[in-house]
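Beneath this line is the structure, given in structure tokens, with notes to follow.
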There are 2 protein chains.
Amino acid sequence: MAKQGAGELPKYQRIAAELRAAIESGQYGPGDQLPGENQLKETHQVALMTARQALDVLKNEGIAESRKGKGVFVRAFRPVRRRGVQRLSQEVWGSGRSVWADDAADRDLVVDGIEVGEAPATEPVARVLGLEPGAAVCTRHRRFVLDGKPVLLSVSHLPAELVAGSPVTQEDTGPGGTYARLAELGHKPVRFREEVRSRMPSAAETRQLELSAGTPVMRICRTAFDGDGRAVELNEMTLDAAAYVLEYDIEA
Amino acid sequence: MAKQGAGELPKYQRIAAELRAAIESGQYGPGDQLPGENQLKETHQVALMTARQALDVLKNEGIAESRKGKGVFVRAFRPVRRRGVQRLSQEVWGSGRSVWADDAADRDLVVDGIEVGEAPATEPVARVLGLEPGAAVCTRHRRFVLDGKPVLLSVSHLPAELVAGSPVTQEDTGPGGTYARLAELGHKPVRFREEVRSRMPSAAETRQLELSAGTPVMRICRTAFDGDGRAVELNEMTLDAAAYVLEYDIEA
DNA sequence: TAGTGGTCTAGACCACGTT
DNA sequence: ACGTGGTCTAGACCACTAT
């Protein structure tokens, strides 16, 4: 036996749609447990695999989440607001405050996995920074963990000749961070360009950000320019899309 | 029989990882056909469902795409660059050009599904526009189709008392669009705020944007403010994330 | 121990597209 | 007619969680 009745949706999509509607109507709230495979199998009189397929739909839509041995639950969201303009104003990093402090507010933000190194520029990085391919580049890897959950991976690239010997090549860049140091080196960032993309995560990103199925990532590539219009930093960030809302203020 | 060998990845993940690596190494380029279910079943000596599961992984990652009766293929991307700042400068809409023309460049952009109406404000819309809940709001629905593929859904909300009787309530808003008309009505937009989110699409969005599995959407909520700081428009946009890269320029 | 989700099998029929 | 992916079944064993 197989197939759905003519002109109708497949069974698993019908079951998924029914659950989706129940969630959207508020019948199941954030964090609530949904009917499991076995229950769906009986209430809808389908095979286990079909019930599983229905739940897979909701998981891949990011509205449900399964925990092994426990059940399937409605996902809850509580995104952080990331202000793209204010965070880069000179008042923030010029005052010695971290560029990241603004995001956290009342929440617990930890930075781990810091790795600083020097490596030859890859082709795309060299192009953005205006270097010859293979030129030495200082790279700074970091991971941001919010309330125990990793939310952002960051890799910063800077021309090595620009920052050699400065605190930028240390784990702790000092008050005001990289941008304050660049300013001291005569390359104060005055203009930034952010490119935002979104896609499904790679396997590595899923692991590092502990993402569940159905969660996209946002990719922000930020270039910092000094007063001469030279690109002095390229920062590639990978964000858990469920954890962030990006805000940009624009003057006409 | 069941289970994978101790300490190893499940079979379907191993197969998926192998294909993923082959794609990333360039062995399969954009548009190339991948080995199908039956081929994977034989080369890896697994059940059909297991081979399917492996392909599902790649599809949900957005790097492969299946076409019924044909096969599974590596997805190709060609995103449009959407300049968030330049597009909102007065020079663009003040000159009578469409705010959208800049995106398209050499490509074929069509707007369809235009629907203009008036309805009571929902709670979130009323809050953003500073209206009482239930106050009349003019809504403008549009869909943008690029090279035959729908890429953006837009719903614009404006206080009805502000635009009543103006071309804003018509399908064709005239040269310079809604913002030029708002300016003529004494509510020239001088400041904008865009909020960017990303998530997996709803079933309705998947249908309207003709999205394939593994494609997230980006959600842009833009509020336009006039010189008095009053919110005069809320534009909710839903973008095919595979079709767009958002660019924002920021002055320190 | 019982219940949950996770993986896996070996079949089946259907719809679609090509030959 | 044949190959492709799409849906579906009726079992099975495993791993994790709770009681």
Side-chain angles (χ1 to χ4, degrees), chain A residues 1-19 28 31-60 63-75 203 206 210 212-214, chain B residues 1-19 28 31-60 63-75 203 206-207 210-214:
Chain A
M1 201 184 307
K3 246 276 286 185
Q4 70 272 19
E8 292 170 10
L9 280 175
K11 286 186 183 178
Y12 77 97
Q13 285 188 26
R14 289 189 62 82
I15 300 174
E18 184 180 313
L19 288 172
Y28 298 99
D32 285 359
Q33 182 165 7
L34 292 169
E37 321 175 318
N38 295 304
Q39 188 175 336
L40 289 177
K41 171 188 171 184
E42 301 204 346
T43 60
H44 290 80
Q45 290 292 297
V46 294
L48 229 200
M49 284 299 290
T50 305
R52 289 187 54 75
Q53 216 174 347
L55 290 170
D56 280 343
V57 170
L58 300 185
K59 289 191 275 188
N60 286 327
I63 62 184
E65 188 174 27
S66 58
R67 298 198 269 274
K68 209 193 296 189
K70 301 180 82 169
V72 184
F73 300 82
V74 180
R75 282 186 62 177
T206 299
E210 297 171 14
S212 54
Chain B
M1 199 184 309
K3 247 276 288 184
Q4 69 271 20
E8 293 171 9
L9 281 175
K11 285 185 183 177
Y12 77 98
Q13 285 188 25
R14 288 189 63 82
I15 300 174
E18 184 180 313
L19 288 172
Y28 298 99
D32 285 358
Q33 182 164 7
L34 292 169
E37 322 174 318
N38 294 304
Q39 188 176 335
L40 290 177
K41 170 189 171 182
E42 301 204 347
T43 60
H44 290 80
Q45 290 293 298
V46 293
L48 229 200
M49 285 300 290
T50 305
R52 290 186 53 76
Q53 216 174 347
L55 290 170
D56 280 344
V57 170
L58 300 185
K59 289 191 275 186
N60 285 327
I63 62 184
E65 188 174 29
S66 59
R67 298 197 269 274
K68 211 193 297 189
K70 302 181 80 171
V72 184
F73 301 83
V74 180
R75 283 186 62 178
T206 298
R207 193 182 63 251
E210 297 170 14
L211 300 173
S212 54

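Letters A, B, ... mirror the listed sequences (proteins, then strands); counts begin at 1. Everything numeric in this text was worked out from a predicted model, so none of it was measured.
- In this structure a side-chain-to-backbone donor-acceptor pair under 3.5 Å is present from B:Q33 to B:K70.
- A distance of 9.5 Å separates CD in B:E37 from CE in B:M49, rounded to the nearest 0.5 Å.
- In this structure, CD of B:Q39 is placed 12 Å from C1' of D:dG3, rounded to the nearest angstrom.
- Atom pair B:Q33:CD and D:dG3:P shows a separation of 14 Å (rounding to whole Å applied).
- Note: CD (A:E42) to P (D:dT9) measures 14 Å, nearest angstrom.
- As a whole-Å value, the separation of B:R67 CZ from D:dG5 P is 11 Å.
- Contact between the side-chain N/O atoms of B:K11 and the OP1/OP2 oxygens of C:dT9 is found at a separation under 4.0 Å.
- Residue A:K70 is the one, among A:K70 and A:L48, whose nearest nucleotide of DNA chain C lies closer to the 5' end (criterion: closest heavy atom).
- In this structure, CD of B:E65 is placed 13 Å from P of D:dG5, rounded to the nearest angstrom.
- Side-chain contact check for A:R75 versus A:S212: some heavy-atom pair is nearer than 4.5 Å.
- Proximity of a side-chain donor or acceptor of A:E42 to a complementary backbone N or O of A:Q39 within less than 3.5 Å is not detected.
- For the OP1/OP2 pair of C:dT4 and a distance below 4.0 Å, the side-chain nitrogens and oxygens of A:N38 include at least one atom meeting the criterion.
- B:D56 places its CG atom 15 Å from the C1' atom of C:dG6, with the value rounded to the nearest Å.
- Rounded to an integer number of Å, the gap from CG of B:L55 to P of D:dG6 is 9 Å.
- Nearest-nucleotide mapping onto DNA chain D: of A:M49 and A:G69, the residue sitting toward the 5' end is A:M49.
- At D:dG6, one or more side-chain N or O atoms of B:R52 fall inside 4.0 Å of OP1 or OP2 (strictly under the cut-off).
- In terms of phosphate contacts, B:T50 brings a side-chain nitrogen or oxygen within less than 4.0 Å of OP1 or OP2 of C:dT9.
- In this structure, of C:dG5, C:dC8, D:dT9, it is D:dT9 that holds the atom nearest to the side chain of A:V46.
- At the heavy-atom level, B:Q13 lies under 4.0 Å from the strands shown only through sugar-phosphate atoms.
- Between B:Y12 and C:dC8 there is no side-chain N or O to OP1 or OP2 distance below 4.0 Å.
- Considering only side-chain atoms of A:K59, the nucleotide from C:dG6, D:dG5, C:dT9 that sits closest is C:dG6.
- With rounding to the nearest 0.5 angstrom, the CG atom of A:L55 is 7.5 Å from the CG atom of A:L34.
- Within the structure, every side-chain polar atom (N or O) of A:K41 is placed at least 4.0 Å from both OP1 and OP2 of D:dT9.
- Within the 4.0 Å cut-off from OP1 or OP2 of C:dG6, at least one side-chain nitrogen or oxygen of A:S66 is found.
- Put simply, CG on A:L40 is 13 Å from C1' on C:dT4, counting in whole angstrom units.
- Closest approach to the B:A47 side chain among C:dT18, C:dT9, C:dT7 is made by C:dT9 (side chain taken as heavy atoms from C-beta onward).
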